[in-house]
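Below is one structure, written out as structure tokens; comments come after it.
Predicted model, so just to flag it, every value in this text is computed and none were measured.
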Amino acid sequence: MRVVVVGQGYVGLPLAIRAAEVGHQVIGYDVDARRVKSLAAGESYVEDVSCERLARALERGTYRASELARDCGGFDVAVVTVPTPLQDGAPDLRYIEESAHTLARFLRPGATVILESTTYPGTTEELFAPILEDGSGLTAGADFHLGYSPERIDPGNTVWGFQQTPKVVSGVDAASLKAVEAFYGQLVDTTVPVRSPKEAELAKLLENTFRHVNIALVNEIAMFARHLDIDVWQSIEAASSKPFGFMKFTPGPGVGGHCLPIDPSYLNWRVQRELGQNFRFVELANDINNHMPEYVTRRVIDALNARRRSVNGSRVLLLGLAYKKNTGDARESPAVRIAQLLLDMGAKVRAVDPHVVESVKVDARLARVEATRKELAAADVVVLLTDHDSFDYQMITEHASFVLDTRNRMTGPKVEVL
């Protein structure tokens, strides 16, 4: 089949390459000309897709990247994987709308269109479908297949990749569900069909809200435990020894990526708009997790004060800029917020992250360095924010004068954990 994947980021590129690997003719459509140029040269900017996999797909001729809308023509299956950010607390669905307008121009009877972008329940049928229908003159269900399948990409996860992770699938009618499930059935090991797109849309938000709320819980417990002179990390390990009724979550400097800082707010927005009520669990989790960077910054200030130093003029070395370990994904990273807070207070902030490339925009005032013995020794405070496995933790504890460890990776007299 001729497959078009709209959006070639963390979600779209792995999907496109996997579809190419099973034999489909795939167009990776993206409006970012720089991305298209990089992909055409065999250079992958997504860690889950190696340059070798990309090169093989290009050599076989089963994958091609393009920024030209006309290259979307003639598709049998089109999948939309564009971003859905928040704008002033409300869902910003302009990229979904633009994608629908583009695809509608080329939509043919019998084709299948699938939305993967995370959004509120009702988007597929109430927003996406009408644009496709108005632009094509066709009717969803009757003339073309339409469905929703939430992305479950976990950057850097070497166990549960795109193929191994079960795929939730849905359709606006039975024929659409069959078409959507048949497509993904070629790409992944397991599909999980649900009744309609609304159930699939809610499933995605439920997954991320569950994580968001539980991370907020342990973050708040960590703050209280410190004042109660309790080692929260030992308590969490002890609780996780229970083989039933408990799932382990750990504290940290905040949440990042596209999912946790944004997705639960989509559900809260929908509940407020349709029911006139607040989703209190989401609002509370947002309040706790969004303020963790400020809490970590206060801990840095307290540590400096204890050593009779002001944050203004002090040298702070941040270890990690990505929002999760062993990836280069710095989207909505709490580490970036912490760096900005410290810089605004006059600290001389330097950062180390071997995964986050220099081209990623963080803050022009932030110096990027390597974690050398000299850098570690020169810092008044070293703050571990992202616990990449590539960091030499023994060297850090040996040469740093003081370490604030927000991930519980180090021990010793010079280390203080979150």
Are Arg152 and Glu207 close enough, and set up right, to give a salt bridge (charged side-chain N to carboxylate O under 4.0 Å, His left out), and what steps lead you there?
CA-CA 10 Å; Arg152 280 177 162 174; Glu207 293 170 13; 2.5 Å; yes
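- Nearest heavy-atom pair, Leu205 versus Tyr120, reported as atom, atom and distance to 0.1 Å: CD1-CA, 4.0 Å.
- Residues in residues 213-225 take part in these side chain to side chain donor-acceptor pair (under 3.5 Å) pairs, two or more places apart or across chains: Asn219-Asn289.
- Between the side chains of Thr81 and Glu151, not a single donor N or O lies within less than 3.5 Å of an accepting N or O.
- Every residue meeting the side-chain contact (heavy atoms from CB on, under 4.5 Å) condition with Arg64, not counting sequence neighbours, appears here in chain and number order: Ile27, Ser66, Asp71.
- The two residues Ala200 and Ser170 have their closest heavy-atom pair at CB-OG, 3.6 Å.
- Side chain to side chain, Gln272 and Glu283 meet the donor-acceptor criterion of an N or O pair below 3.5 Å.
- In terms of heavy atoms, Tyr10 sits closest to Gly328 at OH-O, 4.0 Å.
- Between the side chains of Glu116 and Ser149, no donor-acceptor pair of N or O atoms lies under 3.5 Å.
- Closest heavy-atom contact between Ile17 and Ala57: CD1-CB, 4.2 Å.
- Side-chain atoms of Asn286 and His212 include a donor-acceptor pair closer than 3.5 Å.
- Note on ring orientation: taking the six-membered ring where Trp is involved, the planes of Phe391 and Tyr393 are perpendicular (angle over 60°, cut-offs 30° and 60°).
- Here Arg315 pairs with Glu375 under the salt bridge (Lys or Arg N to Asp or Glu O under 4.0 Å) rule; sequence neighbours left out.
- For Arg34, the salt bridge (Lys or Arg N to Asp or Glu O under 4.0 Å) partners at least two apart in sequence or on another chain are Asp32.
- In terms of the salt bridge (Lys or Arg N to Asp or Glu O under 4.0 Å) criterion, Lys374 has no residue partners (sequence neighbours excluded).
- Taking the six-membered ring where the residue is Trp, His355 and His388 present tilted rings, their angle falling between 30° and 60°.
- Take Lys248 and apply the side-chain contact (heavy atoms from CB on, under 4.5 Å) test, not counting sequence neighbours, and it matches Ile236, Glu237, Ser240, Phe246, Thr250.
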